[in-house]
Amino acid sequence: MTATQFPIEQVLETLERELAKFTLPLIDQMGEVSKTPFRILIATILSLRTKDTLTAVVAPRLFAVADTPAAMLELGEERIAELIYPVGFYRVKARQIVAICRILLEQYNGEVPSDLDELLKLPGVGRKTANLVVTAGFGLPGICVDIHVHRICNRWGYVQTRTPEETEMALRAKLPQQYWIPINRLLVTLGQNICHPTSPKCSICPIRDVCPRIGVTRSR
DNA sequence: AAAACGGGGGC
DNA sequence: GCCCCAGTTTT
């Protein structure tokens, strides 16, 4: 179709090799033992519109006190709000956590469902959160598109989309499935450390040789 | 399509 | 002081 297709596979493999040099996303910061579906679900709720370095400090405080839906309900909305206060949106998030845990206990036997459509029924869970639980929590195929994945894929010209949901669908159609799970982790890492919305640090970018927008500082 | 939720950190 | 942050829901 196009004369020069963006070399997405080469780029993602390069990023995979360079990953160790960068600050990693929230789920990786929380450590291997924290990668249970329930912790990923709750931590992702806490992380909405919040820096993940802050969430990575606050979330473990909550998990130390309550690590299951039943324990969360026992803790109660007020106490949850106090514990998560620094992440912001604490009232909304505490209310959503309680509502989610109630549903998990009443309808899912206290377990987090692995099905995307079931996850999307939970209050406060949109496509980004649901797909992160599917991929990072269960290791199942899915594409988690946050603002970094959306921005960078469009910056590269790999997709031309207006919303993260459109980007997710475009990637499902054209990105080889072996990259579905790692693309989020790779592009969030790149987006946080180098490929910023404004003033990206192209001079130290590991894929500068093949990026079509090298030196272009405006967001898209 | 736009507002609203919100404290913490960077500049 | 001003702006942004691994979004989602409501108007």
Side-chain angles (χ1 to χ4, degrees), chain A residues 12 15 19 22-31 34-62 77-78 80-100 103 116-138 142-155 161-169 171 179-201 217-220:
Chain A
L12 294 180
L15 290 178
L19 209 55
F22 303 139
T23 301
L24 296 171
L26 170 64
I27 302 306
D28 299 277
Q29 288 184 38
M30 289 200 311
S34 295
K35 292 184 182 178
T36 67
F38 183 69
R39 286 188 169 193
I40 288 174
L41 173 59
I42 300 302
T44 307
I45 295 291
L46 296 184
S47 77
L48 300 190
R49 300 302 295 171
T50 303
K51 280 205 187 325
D52 57 355
T53 48
L54 176 60
T55 309
V57 173
V58 172
R61 293 183 198 160
L62 178 60
E77 184 175 326
E78 287 304 316
I80 293 173
E82 291 173 16
L83 285 167
I84 68 175
Y85 178 78
V87 301
F89 297 97
Y90 51 91
R91 273 188 286 266
V92 173
K93 290 172 181 177
R95 191 182 334 126
Q96 287 175 337
I97 288 171
V98 168
I100 287 171
I103 292 172
L116 184 66
D117 291 323
E118 297 300 316
L119 287 162
L120 287 171
K121 293 177 184 174
L122 300 173
V125 175
R127 299 200 67 85
K128 180 259 171 180
T129 302
N131 273 293
L132 189 58
V133 171
V134 169
T135 58
F138 291 99
I143 295 187
C144 176
V145 175
D146 61 5
I147 198 62
H148 293 294
V149 177
H150 176 63
R151 178 183 69 252
I152 294 173
C153 284
N154 276 281
R155 209 172 242 181
T161 52
R162 299 186 67 254
T163 67
E165 180 171 0
E166 287 178 18
T167 299
E168 182 195 329
M169 300 315 169
L171 291 178
Y179 300 105
W180 284 18
I181 292 181
I183 189 174
N184 177 266
R185 189 178 89 266
L186 295 173
L187 296 199
V188 170
T189 303
L190 183 66
Q192 285 182 337
N193 292 279
I194 295 185
C195 201
H196 301 158
T198 59
S199 304
K201 301 177 183 174
T217 58
R218 201 169 344 177
S219 177
R220 153 128 159 68

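Naming convention: chains lettered A, B, ... in sequence-line order (proteins, then strands); numbering from 1 in each chain.
At the heavy-atom level, A:R185 lies nowhere under 4.0 Å from the strands shown. If you check every strand for non-hydrogen atoms under 4.0 Å, A:V188 touches a base. Across all strands shown, A:I27 has heavy atoms under 4.0 Å from base atoms, whether or not it also approaches the sugar-phosphate.
Between the OG1 atom of A:T163 and the CE atom of A:M169 there is a distance of 9.0 Å, given to the nearest 0.5 Å. The structure places CD1 of A:I183 at 10.5 Å from SG of A:C144, a figure rounded to the nearest 0.5 Å. Distance check: A:I152 CD1 to A:L187 CG gives 5.0 Å after rounding to the nearest 0.5 Å. Distance check: A:T23 OG1 to A:N193 CG gives 4.5 Å after rounding to the nearest 0.5 Å. Going from atom CE of A:M30 over to atom OG of A:S47 covers 9.0 Å, rounded to the nearest 0.5 Å. Rounded to the nearest 0.5 Å, atoms CZ (A:F138) and CD1 (A:I181) are 12.5 Å apart.
Distance, A:L187 CG to C:dA6 P: 14 Å, rounded to whole Å. One can place NZ of A:K93 at 8 Å from C1' of B:dG6, the figure rounded to the nearest angstrom. If you measure from atom CG of A:L190 to atom C1' of C:dA6, you get 14 Å, rounded to the nearest angstrom. Note: CG (A:L41) to P (C:dT8) measures 11 Å, nearest angstrom. Protein atom CD1 of A:I40 is 12 Å distant from nucleotide atom C1' of C:dA6, rounded to whole Å. In this structure, A:R95 atom CZ and C:dT8 atom C1' are separated by 12 Å, rounded to whole Å. Here C:dT8 presents its P atom at 10 Å from CD of A:E168, a figure rounded to the nearest Å. At whole-Å resolution of the value, CZ in A:R151 and C1' in C:dA6 are 11 Å apart.
Here the separation of B:dA2 from C:dA6, taken at their C1' atoms, is 23 Å to the nearest Å. The P atoms of B:dA3 and C:dC3 are separated by 15 Å, rounded to the nearest whole Å. Of the C1' atoms belonging to C:dT9 and B:dG8, the separation is 23 Å, rounded to the nearest Å.
Taking a 4.0 Å limit (strictly below) on heavy-atom distances, residues 129-136 of chain A does not reach DNA chain B anywhere.
Every residue meeting the side chain to side chain contact (heavy atoms under 4.5 Å, CB included) condition with A:P123, not counting sequence neighbours, appears here in chain and number order: A:A99, A:I100, A:I103. In this view, A:R49 and A:F89 satisfy the side chain to side chain contact (heavy atoms under 4.5 Å, CB included) rule, not counting sequence neighbours. Here A:Y90 pairs with A:Y85 under the ring pair (Phe, Tyr, Trp, His ring centres under 6.0 Å) rule; sequence neighbours left out. Applying the side-chain hydrogen bond (donor to acceptor under 3.5 Å, both in side chains) criterion to A:T167, with sequence neighbours excluded, gives A:H150, A:T161.
Identified under the salt bridge (charged side-chain N to carboxylate O under 4.0 Å, His left out) test for residues 182-197 of chain A, with sequence neighbours left out: A:E16-A:R185. The side-chain hydrogen bond (donor to acceptor under 3.5 Å, both in side chains) pairs that include a residue from residues 120-132 of chain A are A:E118-A:K121, A:R127-A:E168, A:N131-A:E168, A:N131-A:R172, where partners are two or more places apart or lie in different chains. Counting only residues at least two apart or in different chains, salt bridge (charged side-chain N to carboxylate O under 4.0 Å, His left out) contacts with residues 80-95 of chain A comprise A:R79-A:E82.
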Output side-chain donor-acceptor pairs under 3.5 Å for residues 39-46 of chain A, partner residues at least two apart or in another chain, one line each.
from	atom 1	to	atom 2	distance (Å)
A:R39	NE	A:D67	OD1	2.8
A:R39	NH1	A:S34	OG	3.2
A:R39	NH2	A:D67	OD1	3.4
A:R39	NH2	A:D67	OD2	3.2
A:T44	OG1	A:I40	O	2.5

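Closest contact between the side chain of A:L48 and the listed nucleotides B:dG6, C:dA6, C:dT8 involves C:dT8. Distances were taken from every side-chain heavy atom of A:P197 (C-beta onward) to each of C:dA6, B:dA1, C:dC5; the shortest belongs to C:dC5.
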>> Applying side-chain contact (heavy atoms from CB on, under 4.5 Å) to A:W180 and A:T135, what does each step give before you reach the verdict?
In response: CA-CA 8 Å; A:W180 284 18; A:T135 58; over 6 Å; no
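Taken together, the paired segments of DNA chain B that extend over three or more consecutive Watson-Crick or G-U pairs, each closer than 3.5 Å at both contacts, are B:1-5 with C:7-11, B:7-11 with C:1-5.
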Which protein N or O atoms sit under 3.5 Å from an N or O of nucleotides 7-11 of chain B?
none

Distances under 3.5 Å between nitrogen or oxygen atoms of protein and nucleotides 9-11 of chain C:
from	atom 1	to	atom 2	distance (Å)
C:dT9	OP1	A:G124	N	3.0

